[in-house]
Number of protein chains: 2
Amino acid sequence: MIENSAGFIEQRVSEFISRSKELGIKVTPQRVAIYKELASTDQHPSTEIIYNKIRDYYPNISLTTVYRTLETFEKLGLISVVNVLYNAARYDANLDPHHHIVCTQCKKVEDVYDESFTNLDVSEKTLGDYKVEGYSVLLSGVCIDCR
Amino acid sequence: MIENSAGFIEQRVSEFISRSKELGIKVTPQRVAIYKELASTDQHPSTEIIYNKIRDYYPNISLTTVYRTLETFEKLGLISVVNVLYNAARYDANLDPHHHIVCTQCKKVEDVYDESFTNLDVSEKTLGDYKVEGYSVLLSGVCIDCR
DNA sequence: GTCCTTGCAAAAGTTTTGCAAGGTG
DNA sequence: CACCTTGCAAAACTTTTGCAAGGAC
């Protein structure tokens, strides 16, 4: 749960710094700025958006650094990527209700048919501001070929 | 459920042609080829992959056409896009279990906390070939600002 | 001081757009 | 034959990579 109090964010940044030292990566001002920006919002920003926000107070930062840093953080489990399959649009002619599992290594997608996934109650949820059209469960894992 | 019999695919292509006429879009050889390619696989191909497969027997087709056609089909509900948020990577510093809802119009993402989503049983599923690492539910809808 | 990290520039990869030619209904 | 659709080319946008300079430990 995000709380927009400065103290809460400072605490998360402190934890990030400790964790970075444990993991053996260097704590640079760029990395702190990127982590802090991400920890300060629940808007799930893109790389470009993070870059632009940081440039307001850190004009010399490079977009390349933001890309590389987010990738590093994600690989180490310090942050997560919301959309695993962001590389290219993937299409499906099968309109029956079903779900998907993606291999985090080769990005292959397979279908998952499971009634317990298909019958989730999405009507009464805390989605007050949204007109919900649908949902799907995306599992992630490593396929047999990549193991 | 995809069945790889030629007859089954032919039937789906026929339905596609009828539906196209109902919807008032023109049935071109390119469109039929694209639909047929997508209906013949459960691999959830990208635009580029569909393009390359079609070029084996239809060398003049343009990648632009494949992009535009898939977009058209998706808007009309003839196919669906597996990864709504494919435009750019979106990151999250919040590692607590939670889910997301995306506005299909402005692509804004918000958090959803719901225990019934968080307690799905993913251990005994028909995911035999995968080492499952996790999952998340992605709801889609239209946010209040876009209505 | 060592070696990881950064910034710049260039390249690779994905998607969109303008416009004239072509084909469907 | 009207108008939607296609193909080409160019541009826009997102991401990755090579390399030399710089900074953290």
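Bear in mind that the values here come from a model prediction, so they are computed numbers and not experimental data. Chain letters run A, B, ... following the sequence lines, proteins first and then strands; every chain starts at 1.
In 5' to 3' order, the nucleotides of DNA chain D bounding all contacts with chain A (an atom under 4.0 Å from a heavy atom) are D/dT14 to D/dC25.
Distance OH (A/Y67) to P (C/dG13): 15 Å, rounded to an integer number of Å. For the pair B/Y51 OH and C/dT14 C1', the computed distance is 14 Å after rounding to whole Å.
Residue contacts shown for B/R68 include a base, since a base heavy atom lies under 4.0 Å away.
In this pair, A/F16 and A/Y35 present their aromatic rings parallel. The plane angle is below 30°, not in the 30 to 60° band. Between A/H98 and B/H44, the ring planes lie parallel to each other; the angle is under 30°, not in the 30° to 60° tilted range.
Side-chain contact between A/E48 and A/L63 is present, with heavy atoms from C-beta onward closer than 4.5 Å. Residues A/V142 and B/Y130 are not in side-chain contact: their nearest non-hydrogen atoms beyond the backbone lie 4.5 Å or more apart. When side chains are defined from C-beta on, A/V137 does not count as touching A/V112, because their heavy atoms never get closer than 4.5 Å.
Proximity of residues 80-91 of chain A to DNA chain D (heavy atom under 4.0 angstrom from any strand atom) is restricted to A/Y86.
Comparing B/T69 and A/T47 by the nucleotide of DNA chain D whose heavy atom lies nearest to each, the residue mapping closer to the 5' end is B/T69. Residue-to-nucleotide proximity on DNA chain C shows that, of B/T64 and A/R31, the 5′-proximal contact is made by A/R31.
Here B/E22 pairs with B/R19 in a salt bridge; the nearest charged N to carboxylate O distance falls below 4.0 Å.
By the 6.0 Å contact criterion, NZ on A/K36 is open, its count of non-hydrogen atoms from other residues, nucleotides or ligands being 12 or less.
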Identify each atom pair where a protein N or O and an N or O of nucleotides 23-25 of chain C are less than 3.5 Å apart, giving names and distance.
unit_1	atom_1	unit_2	atom_2	d
C/dG23	N2	B/K26	NZ	3.2
C/dT24	O2	B/K26	NZ	3.0
C/dG25	OP1	B/V27	N	2.9

